[in-house]
> 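Here it is, the structure in full.
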Amino acid sequence: MAADKPKADKPKNEGEGNRTADAQYRRGVADHVRNHDVQGDAARAREAVDGPEGEDLRKAEEAGKSHAKGEDPQLKR
C-alpha cells in the first residue's frame with residue numbers, strides 16, 4: 001500500500017544534533033578556508049573596525065545585540 005511508504009521528497013527530521021546539517025556546515029567551512037583569503041579577510045575586518053567606519057560598525061553590532069536574548073554565558077568562561 002502506498003500510504004505505508006514515507007514520501008521520498010520529504011526530508012527526515014533528525015532533531016537536535018542534526019548530523020546532516022553538521023556535515024554540510026563543516027564541509028562549507030573547510031571549503032571556505034581552502035578557497036578564500038581568510039587572513040586577508042581578517043586583516044580587512046580589523047582595518048575596518050580600527051578605521052573611520054569603526055564607529056558605524058560598533059553601532060550596528062549594538063543594534064543587532066539589542067534584538068538578541070543575550071550573550072551566550074559560555075563566551076565569557
Side-chain angles (χ1 to χ4, degrees):
M1 205 149 87
D4 294 341
K5 290 184 180 181
K7 283 187 169 184
D9 61 342
K10 186 174 182 183
K12 180 182 167 197
N13 181 355
E14 294 182 38
E16 205 169 325
N18 184 323
R19 291 181 180 164
T20 303
D22 177 62
Q24 289 173 338
Y25 171 79
R26 290 173 187 272
R27 278 193 305 271
V29 169
D31 177 66
H32 183 84
V33 169
R34 263 192 313 275
N35 297 308
H36 291 85
D37 178 18
V38 177
Q39 294 299 323
D41 291 344
R44 285 186 292 281
R46 195 177 319 65
E47 289 169 10
V49 170
D50 292 341
E53 64 185 309
E55 184 60 30
D56 288 340
L57 292 171
R58 283 185 281 283
K59 285 180 184 176
E61 180 182 19
E62 287 303 315
K65 284 182 177 181
S66 74
H67 301 289
K69 284 188 172 182
E71 286 287 342
D72 182 347
Q74 292 201 359
L75 289 175
K76 297 182 180 176
R77 291 167 111 195

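Predicted model, so just to flag it, every value in this text is computed and none were measured. Basis for what follows: all heavy atoms, side chains included, without hydrogens, waters or symmetry-related copies.
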> Salt bridge check: are Arg58 and Glu62 linked by an N-O gap of less than 4.0 Å?
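Salt bridge: no.
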> Sequence neighbours left out, what passes salt bridge (Lys or Arg N to Asp or Glu O under 4.0 Å) with Arg27? Give chain and number order.
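Here no residue qualifies.
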> Given the rule in the salt bridge (Lys or Arg N to Asp or Glu O under 4.0 Å) test, do Arg46 and Asp50 qualify, once you have shown the distances and angles that lead to the verdict?
CA-CA 6 Å; Arg46 195 177 319 65; Asp50 292 341; 5.8 Å; no
> Distance check, rounded to the nearest 0.5 Å: Arg19 atom CZ versus Asp22 atom CG?
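With rounding to 0.5 Å, CZ (Arg19) is 9.5 Å from CG (Asp22).
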> Has Gln39 got more than 12 heavy atoms of other residues, nucleotides or ligands less than 6.0 Å from its CD?
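No - once you tally the heavy atoms of other residues, nucleotides and ligands closer than 6.0 Å, there are 12 at most.
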> Kindly state each residue pair satisfying ring-ring contact (aromatic ring centres under 6.0 Å, His included) with at least one member in residues 33-67, sequence neighbours excluded.
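Only His32-His36 qualify under ring-ring contact (aromatic ring centres under 6.0 Å, His included).
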> Which pair of non-hydrogen atoms, one from Val33 and one from Val38, has the smallest distance, and what is that distance?
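Looking at all heavy atoms of both residues, the shortest contact is CA-CG2, 3.9 Å.
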> Would you say Asn35's side chain and Asp31's backbone share a donor-acceptor pair under 3.5 angstrom?
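Checking the backbone N and O of Asp31 against the side chain of Asn35, a donor-acceptor pair under 3.5 Å is found.
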> Is any side-chain heavy atom of Arg44 closer than 4.5 Å to one of Asp37?
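Yes. Closest side-chain heavy atoms under 4.5 Å.
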